[in-house]
Every structure is written in C-alpha cells, then in structure tokens.
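Input: a single structure, listed below in structure tokens.
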Amino acid sequence: SFVWGCESRADVIDESFLKVLYEAGCHKIQFGMESADNAILKKLKKNVTIEQIENAVACAAKYNMHIQVSYIVGHAFDTRETVEKTISFAKYLSDKYGARVVCSVNTPFPGTEQFEKREELGIKVETYEWEKYLLNSPIIQTANLSINELRYYLGEGQKLVK
C-alpha cells in the first residue's frame, strides 16, 4: 500500500475524517498551531482555537499517526506569558500524544503584511540581509520581546524536538 502524509488545518479534523485519511494511507499529518493563546490566534486571523488543535492531535493519535505540530514564537502581540504558554502547550502535546513539536521564530518576510505594517505592529527589523531570514534565528524585536528573549524562547522550543 502507498503511505503518504499531509498538512491540515486543525478546525476541519474530526475522528471520521481522520479514519478516512488513515485508511487511504495517510499516516503522517502536520498541523500549524502557531500559538497556544486563543487571543493571539484570533489577532492572527487563524480561525482556529487551541481546543480544536488539541482535538485534531488527539484524533490523529488514536490512529497512531506520525503527528507534527509547528508553532512560532515572537508574534507581534506575544508577551513572555503567551510564549511560555505556547511552549508549555507544545510540550504537553508532545508528552501526551507523542506529537513532534517544531518551533520557529517569527520572521516577517518582505512583501508580507507583517513586514509592510511592522512599525504599527511594533516590530523592529534588525537586519535587511535576506540570507539571515531563516526562521531559526531571530532578526526582529517586538514591542514586548527583545531579540535576546526571542533567541532564548526559540532555544527552549527547540529543546522539545525529539
């Protein structure tokens, strides 16, 4: 049989849909969590909640799927509290459901809304050397978090990858 994987939004997942995917050979699935704070998810217009994300992960775990959950630290609206909440929730998903949790740092690429509206969002871009825009090393500071704090939290998130 042919085994494959996919990415999915968490809000469309339920057990019956996952059963169909699994029986069709989908044994790997990735969800973009982005943040574990519902207020931040709302500000990011993600149209998903933490509850829906956990439900999707729990459903995938029932089918013993290889689950990956990606998230970002350093959203414009993030605070120490929301980043710590996100990393803690990622650890919970890893411990409880065996999800592989992957952390990146917010990187506003040129042409994106975040880059164009960086000043009003309180984002200070520290470099315009595009080769440094890699998602694994901070190139910004936000209204609430310094570049060193972002470096620290990214490191904390990366420690969870198994």
Side-chain angles (χ1 to χ4, degrees), residues 1-109 112-114 121 123 133-140 142-145 149-162:
S1 73
F2 182 71
V3 174
W4 54 282
C6 70
E7 294 181 16
S8 177
R9 290 183 54 95
D11 58 334
V12 300
I13 295 291
D14 61 27
E15 209 170 325
S16 60
F17 181 46
L18 265 177
K19 184 175 191 280
V20 170
L21 283 177
Y22 190 81
E23 288 171 355
C26 179
H27 293 189
K28 293 182 172 186
I29 194 160
Q30 171 168 337
F31 302 108
M33 174 172 79
E34 312 320 346
S35 172
D37 186 278
N38 281 333
I40 286 184
L41 288 170
K42 199 168 188 164
K43 285 179 184 171
L44 295 172
K45 302 177 180 82
K46 289 292 171 189
N47 297 321
V48 69
T49 65
I50 286 308
E51 293 75 21
Q52 289 171 315
I53 291 163
E54 183 172 1
N55 176 65
V57 170
C59 288
K62 281 183 185 167
Y63 288 94
N64 224 12
M65 293 174 96
H66 179 277
I67 306 159
Q68 182 163 300
V69 176
S70 59
Y71 63 100
I72 292 170
V73 296
H75 296 293
F77 318 106
D78 260 333
T79 61
R80 287 176 199 87
E81 182 183 68
T82 62
V83 172
E84 287 168 10
K85 183 177 176 181
T86 297
I87 293 170
S88 171
F89 191 71
K91 182 176 181 345
Y92 165 76
L93 293 178
S94 176
D95 292 347
K96 183 166 182 181
Y97 302 106
R100 181 173 191 265
V101 291
V102 180
C103 183
S104 302
V105 69
N106 186 21
T107 305
F109 288 94
T112 62
E113 185 178 3
Q114 272 199 100
L121 290 170
I123 294 171
Y133 283 49
L134 299 171
L135 308 177
N136 64 1
S137 183
I139 52 95
I140 64 164
T142 68
N144 301 311
L145 297 162
E149 286 172 312
L150 291 177
R151 205 170 278 127
Y152 168 77
Y153 286 126
L154 178 65
E156 290 299 294
Q158 288 174 335
K159 284 180 193 172
L160 301 180
V161 178
K162 292 175 183 163

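For reference, positions follow the sequence shown, starting with 1.
Within the model, atoms CZ of Phe89 and CD1 of Ile53 stand 6.5 Å from one another, a figure rounded to the nearest 0.5 Å. Within the model, atoms CG of Leu93 and CD of Gln68 stand 12.5 Å from one another, a figure rounded to the nearest 0.5 Å. Glu81 contributes atom CD, which lies 11.5 Å from atom OG of Ser88 (distance to the nearest 0.5 angstrom). Atoms CD1 and CG, on Ile87 and Leu154 in that order, are 8.5 Å from each other to the nearest 0.5 Å. Once rounded to the nearest 0.5 Å, the distance linking CZ of Phe77 with OG of Ser35 reads 11.0 Å. Note that CD of Glu23 is 7.0 Å distant from OH of Tyr63, once rounded to the nearest 0.5 Å.
Counting non-hydrogen atoms of other residues, nucleotides and ligands closer than 6.0 Å to OH of Tyr133 gives a total above 12. Shown here is Arg80, whose CZ atom has no more than 12 heavy atoms of other residues, nucleotides or ligands within 6.0 Å. Asn136 CG: more than 12 foreign heavy atoms inside a 6.0 Å radius.
Ring geometry, His27 versus Tyr22: the interplanar angle falls under 30°, so the pair is classed parallel (tilted spans 30 to 60°).
Closest approach of Leu18 and Ala56 over heavy atoms only: CD1-O, 3.9 Å. Of all the heavy atoms in Thr79 and Leu145, the pair that sits closest is C-CD2, 4.2 Å. Between Gln114 and Ala76, the shortest heavy-atom distance links the atoms OE1-N, 4.4 Å. Across all their heavy atoms, Thr82 and Ile40 have their closest contact at OG1-CD1, 3.5 Å. When all heavy atoms are compared, the tightest approach of Cys59 to Glu15 is SG-N, 3.7 Å. The two residues Cys26 and Cys6 have their closest heavy-atom pair at SG-SG, 3.8 Å.
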Practice task
With side chain to side chain contact (heavy atoms under 4.5 Å, CB included) as the test, would you mind laying out the steps for Leu160 and Cys103 before giving the verdict?
Solution key: CA-CA 9 Å; Leu160 301 180; Cys103 183; over 6 Å; no

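Pairs engaging residues 93-104 under the salt bridge (charged side-chain N to carboxylate O under 4.0 Å, His left out) rule: Lys91-Asp95, Asp95-Lys162 [sequence neighbours left out]. Sorted by first and then second residue, the salt bridge (charged side-chain N to carboxylate O under 4.0 Å, His left out) pairs with a member in residues 68-77 form an empty list; sequence neighbours excluded. Evaluation of the salt bridge (charged side-chain N to carboxylate O under 4.0 Å, His left out) test over residues 31-56, restricted to residues two or more places apart or in two chains, returns Asp37-Lys85.
Within the 4.5 Å cutoff, no side-chain heavy atoms of Val69 are placed close to those of Ser94. Using a 4.5 Å heavy-atom threshold, the side chains of Tyr71 and Val83 count as separate. Side-chain contact check for Leu121 versus Glu113: every heavy-atom pair is 4.5 Å or farther apart. In this structure the side chain of Ile13 reaches within 4.5 angstrom of the side chain of Phe31, judged on heavy atoms.
No side-chain donor from either of Asn144 and Thr142 sits under 3.5 Å from a side-chain acceptor of the other.
Of the possible donor and acceptor atoms, one in the side chain of Thr107 sits under 3.5 Å from a partner among the backbone N and O of Val105.
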